[in-house]
Every structure is written in C-alpha cells, then in structure tokens.
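Encoded as structure tokens, the structure appears first; notes follow it.
Both counts, for ligands and for their atoms, begin at 1 and track the order of listing.
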Amino acid sequence: MTIRMDEGAAELLDTLHRAGYAAYVVGGCVRDSLLGLTPHDWDLCTSALPQQGMELFGAEKCIPTGLQHGTVTIKQGGGLYEITTFRTEGAYTDGRHPDEVHFVPDVREDLARRDFTINAMAYNEKEGLVDPFGGQADLQSGVLRAVGVPHQRFTEDALRILRLYRFAARFGFAIDPPTAQAAQELCAHLDCVSVERIEEELAKLLSAPAPAAYLDEKILSVVLSELSPEALAAAKPVVDACPAGEQALPVRLAALLLSLGEDGTRRTLRRLRCSNTCIEETAVLVREAVPGVPVSLNIYARRLLGKYNLCTVQRLAALGTALQPEHAADFAALSELAEQLDADGVCCRVSQLAVNGRDLMAAGVPAGPGIRKVLEALLDGVIREEYPNERQALLAAVQQLAAS
Ligand code: ATP
Ligand code: MG
C-alpha cells in the first residue's frame, strides 16, 4: 500500500528522518488519500520536540503556532505544513484546549488520542501505513467509530460528538452503534464547548453533499436550540436540495433557519459568532426567499440585481429551487437571465441610469432628497420598460413625473 505524497510533505519527512527522528504524515491526509481524494492539507507528526524541529528547519521557515501543544507550522516550497510532536492529551475542561499535553516517543500513543479510527492512521514510505485501530477497514466498510471507549472519548471532549456527524455526513458513512449511543447519551455536554469550535463543525456538517440524514434532532437541539424539532424536520429536505460545498454555505444556512425569519436568523448566527459576511449573505436569502414565482422574470431579476450582486441572486435562485422544486425551471431561468443582464451591463441600478442628479437639477428638479426619489422612479420605469434608458427619454419622463 503506497500513498502518493505531496512533495513538500515528503521533503519534510525526509529531513526529519535524516536527523534521526520518527515522522509520519497523519490524520485527514492519510484518510483522504486512502479514499482516493486529494487532501487539502498535509499534517505531520514526529518524535522531535518543537524546539528540535525549529532548530532543524531554521527559525525563518517556522511559525510557532502552538508551541505549548507541540505544533509548529513550517513554510516549505510555497506551502504551509503543521508538524506536531507525538503527544497524549487530557480532558478539554474549558471546552477549547486540552488541559495538559504530554509529549511521547511513540506514534501509536499519538494515534490513540485521536477521535475516530479513520482519522487515526499515520504513514511514511519506510513503514507504510500505521493503523492500530482498524481505520482502513472502517474506511472500506464506511463506518465512523471512536478510537477507544466512546463514552470516555466524548467525555474528554464533547466536540467529538458533533465531529462524528460531520465526518459521517461528509463521506456518507454509517455510525458504529456503540459510538452513536454514547454520542446520544452525552450530547448535552456540547453545551460546554466553545461556540467557535461548534460553528466550525456545524459549517462543515452543512457543507456535506447530503447532510439531512445527519442533522440529528437531539444534537441540534443542543447546538441550535433556536430551531424547533418541527422546523428542523421541515427544513431537512430543503437543505439537501440546496447546492453543496463551502461556497453555498449561506444557501444551506438559509434553508435551515428560514423558519426563524430574518431577525431570528441574524440573532442565531451572531450567537454562533459567524462572520459578518456570512450573517449578511444568509439574512438576505431568508428575507428574499419569497414563496411563489414572480410575474415577470425579467423585472424580478433586474430588481434583485439592483439590490444585490450576481452571486447573491444566484444563491437565491438555488434556495428557491430547493424550496419549490416544481418551479426549478423558473429559478434556473432566473439565474441564467441574471447572469446575462449582469454581463450585458443592463440598467438595474440608479447609478446605471443615463441621467444623474445634476442632470435632474438642470432640468428643474429642486435639489435635496427629492432627487433620489425621482431617480428611483425613473429606474422603476426603465426596469418596467416604459421607456428606454436614454437621456432624452428619461428627461421627458421627468417632465411627466413632475406633471403627475
Ligand atoms: P479536514 O479535512 O476536515 O480538515 P481533518 O481530519 O484534517 O479533516 P481536523 O479537524 O483538521 O480534521 O483535525 C486533524 C486531525 O486531528 C484529525 O484527523 C484527528 O486525527 C485529530 N483531531 C482533531 N480534532 C480532534 C479532537 N477534538 N479530538 C481528537 N482528535 C482530533
Ligand atoms: Mg484538517
């Protein structure tokens, strides 16, 4: 069994081995490689202490990201690599960090502190796969299983309960029954985990291909207590019908939180300490996710483009499709039309009108807030195609507006 290793990671392993240390790539990159997926980063573990690693690689290549926990980040060939000293860890009493870590000489001890068997494998070219807990077999049969005694592992760090569903959702895996049972029994402990760690896992869970089956009612009632079981049940099929991936996270969040309304969605995402961008992008979708299909697609598309950028309009179309699959063709047309209008620079905003405030004043409109109102009225007429977006036509329309 060989893993095609990333060049930077292979060079780092080589340097550590030549200096006499044990070293492996470990965790997610081994799991993803065995699944035939391309790892997004390559983490290393080693017997070298953080100080020894820094001396070996030289201070200018090292970022001391978490020295007390044994982690150094190394710049190598344009990439960044986390190297962590083999360690065991205590409980996460504060819900954020292990109370204490002990550096240990053996990779197997390090693998034993990891959460799931599929995440507890290490690899280097000399020894091949180090897999003391049967991670490879669990990958093959599609099972998430805690390393060691599940009850104990979830008591040490309750975030693992949410990670369990996150990884199962990501790969569409089943959950080993004793592991699932311990997760259900101990899920109230998620209450003590820092909200930043929860948010990160929740976002990853929601970005999975089809997360609905893994949005467990009991777990969600702890980490997302704003959402009633009925609202969760109604949202599930909509969530799965939304596009997957990190890019579409606001669409999935909007589908999940729609029942809370715009204010409730904002409050919930603020409590979870989501970024302001994520809160805004999600809240807009919840606000605009109107049921029913607009009379004129063209007018609807242009009004939306007047308020939001193309990406948001397309996300709205995706959410609309998920909510009303029977209107999928209309939403696809909306998305396409918006793209076309945007590319053609068709007038959707006041700033795109062929006249501006100064033109209006020259035409006799009194200065002040009334100018903005007239411009908006002109835009409305242009969007409804009452007259073209041309200077003469607009000035004529101003006279009509003044007369009416
Ligand atoms: P991803 O591709 O999503 O980053 P990953 O496996 O790299 O997946 P991380 O959250 O980056 O997941 O964690 C890296 C590794 O560290 C995991 O594979 C696991 O071995 C270990 N790990 C991370 N968090 C925990 C935890 N709370 N308890 C035990 N082990 C953990
Ligand atoms: Mg990772």
Side-chain angles (χ1 to χ4, degrees), residues 3 6 9 24-46 65-66 69-71 73 79-101 107-123 129-136 138-139 144-171 173 179 182-183 186 189-190 192-194 196-209 211 214 244-246 249:
I3 284 179
D6 165 276
Y24 305 82
V25 291
V26 69
C29 62
V30 177
R31 176 198 67 218
D32 290 350
S33 298
L34 292 178
L35 283 171
L37 306 171
T38 308
H40 58 79
D41 45 36
W42 291 79
D43 296 332
L44 280 70
C45 60
T46 179
T65 21
H69 297 111
T71 304
T73 302
L80 291 176
Y81 299 84
E82 278 198 355
I83 303 191
T84 304
T85 305
F86 299 150
R87 61 175 215 218
T88 59
E89 50 187 45
Y92 287 57
T93 312
D94 69 352
R96 289 169 197 272
H97 310 287
D99 298 348
E100 48 184 13
V101 309
V107 67
R108 282 171 176 74
E109 277 188 81
D110 181 89
L111 294 175
R113 59 118 177 144
R114 293 174 185 269
D115 44 12
F116 306 110
T117 61
I118 63 167
N119 288 347
M121 293 181 276
Y123 175 87
L129 190 69
V130 184
D131 177 20
F133 306 104
Q136 195 179 17
D138 282 343
L139 267 187
L144 251 292
R145 186 193 315 273
V147 168
V149 180
H151 210 274
Q152 181 189 336
R153 306 310 313 284
F154 293 148
T155 308
E156 287 164 5
D157 177 16
L159 185 72
R160 291 171 189 155
I161 297 170
L162 192 52
R163 287 171 62 83
L164 173 69
Y165 289 88
R166 188 261 271 198
F167 284 110
R170 166 130 146 232
F171 301 119
F173 279 11
T179 302
L186 293 168
H189 292 220
L190 272 164
C192 305
V193 176
S194 79
E196 291 85 353
R197 296 178 80 209
I198 300 247
E199 191 273 331
E200 196 181 336
E201 294 300 328
L202 207 51
K204 288 183 175 173
L205 169 53
L206 275 179
S207 303
Y214 302 91
E246 230 172 295
L249 179 62

**OP:** Check each of His40, Arg160, Glu201, Met121 against atom 2 (O) of ligand 1 and report the one with the nearest heavy atom.
**Re:**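 Among His40, Arg160, Glu201, Met121, the closest heavy atom to atom 2 (O) of ligand 1 belongs to His40.
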
Original post:
Given Arg166, Arg163, Arg114, which has its nearest heavy atom closest to atom 13 (O) of ligand 1?
Top reply: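 When every heavy atom of Arg166, Arg163, Arg114 is considered, Arg163 comes closest to atom 13 (O) of ligand 1.
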
Does ligand 1 have any atom sitting under 4.0 Å from a heavy atom of [X]?
| X | answer |
| --- | --- |
| Glu200 | no |
| Phe116 | no |
| Glu89 | no |

Protein heavy atom at shortest distance from [atom]:
| atom | value |
| --- | --- |
| atom 14 (C) of ligand 1 | Asp43 OD2, 4.3 Å |
| atom 7 (O) of ligand 1 | Gly28 CA, 3.8 Å |
| atom 27 (N) of ligand 1 | Asp157 OD2, 2.9 Å |
| atom 20 (O) of ligand 1 | Asn119 O, 3.0 Å |

Please could you name the atoms of ligand 1 that [X] approaches to less than 4.0 Å, counting only its heavy atoms?
| X | value |
| --- | --- |
| Arg197 | 27 (N) |
| Phe167 | 6 (O), 8 (O), 12 (O) |
| Arg170 | 1 (P), 2 (O), 3 (O) |

Looking only at non-hydrogen atoms, find the nearest pair between [X] and [Y] and report the distance.
| X | Y | result |
| --- | --- | --- |
| Ala112 | Val147 | O-CG1, 3.5 Å |
| Arg96 | Glu196 | NH1-OE1, 3.5 Å |
| Tyr81 | Ala9 | CE2-N, 3.6 Å |
| Arg170 | Arg31 | NH2-NH2, 3.1 Å |
| Leu205 | Ala169 | CD1-CB, 3.5 Å |

Original post:
Could you give the distance from CH2 (Trp42) to CG (Asp32), rounded to the nearest 0.5 Å?
Top reply: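 These two atoms lie 9.0 Å from each other.
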
Original post:
Any protein heavy atom under 4.0 Å from atom 24 (N) of ligand 1?
Top reply: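 So far as the 4.0 Å threshold goes, atom 24 (N) of ligand 1 is in reach of a protein heavy atom.
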
**OP:** Report the relative orientation of the aromatic rings in Phe171 and Phe173; use parallel for angles under 30°, tilted for 30 to 60°, perpendicular for over 60°.
**Re:**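 Phe171 vs Phe173 ring planes: tilted.
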
Subject >> Residue portion contacting ligand 1 (non-hydrogen atoms closer than 4.0 Å) for Arg153 >> reply: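 Neither part.
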
Original post:
Do Arg31 and ligand 1 have an N or O pair less than 3.5 Å apart?
Top reply: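 In this structure, Arg31 places an N or O atom under 3.5 Å from an N or O of ligand 1.
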
Original post:
So is Asp115 polar-close to ligand 1, meaning N/O to N/O under 3.5 Å?
Top reply: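 Such a contact does occur with ligand 1.
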
Original post:
Considering residues, nucleotides and ligands other than Glu200, do more than 12 of their heavy atoms fall under 6.0 Å from its CD?
Top reply: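 Not buried by this count: 12 neighbours or fewer within 6.0 Å.
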
**OP:** Start with the C-alpha distance between Asp110 and Tyr24, add both sets of side-chain angles, then the distance that settles side chain to side chain donor-acceptor pair (under 3.5 Å), and finish with yes or no.
**Re:** CA-CA 11 Å; Asp110 181 89; Tyr24 305 82; over 6 Å; no

Original post:
Between the side chains of Thr71 and Thr65, is a donor N or O closer than 3.5 angstrom to an acceptor N or O?
Top reply: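 Distance-only check fails for Thr71 and Thr65.
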
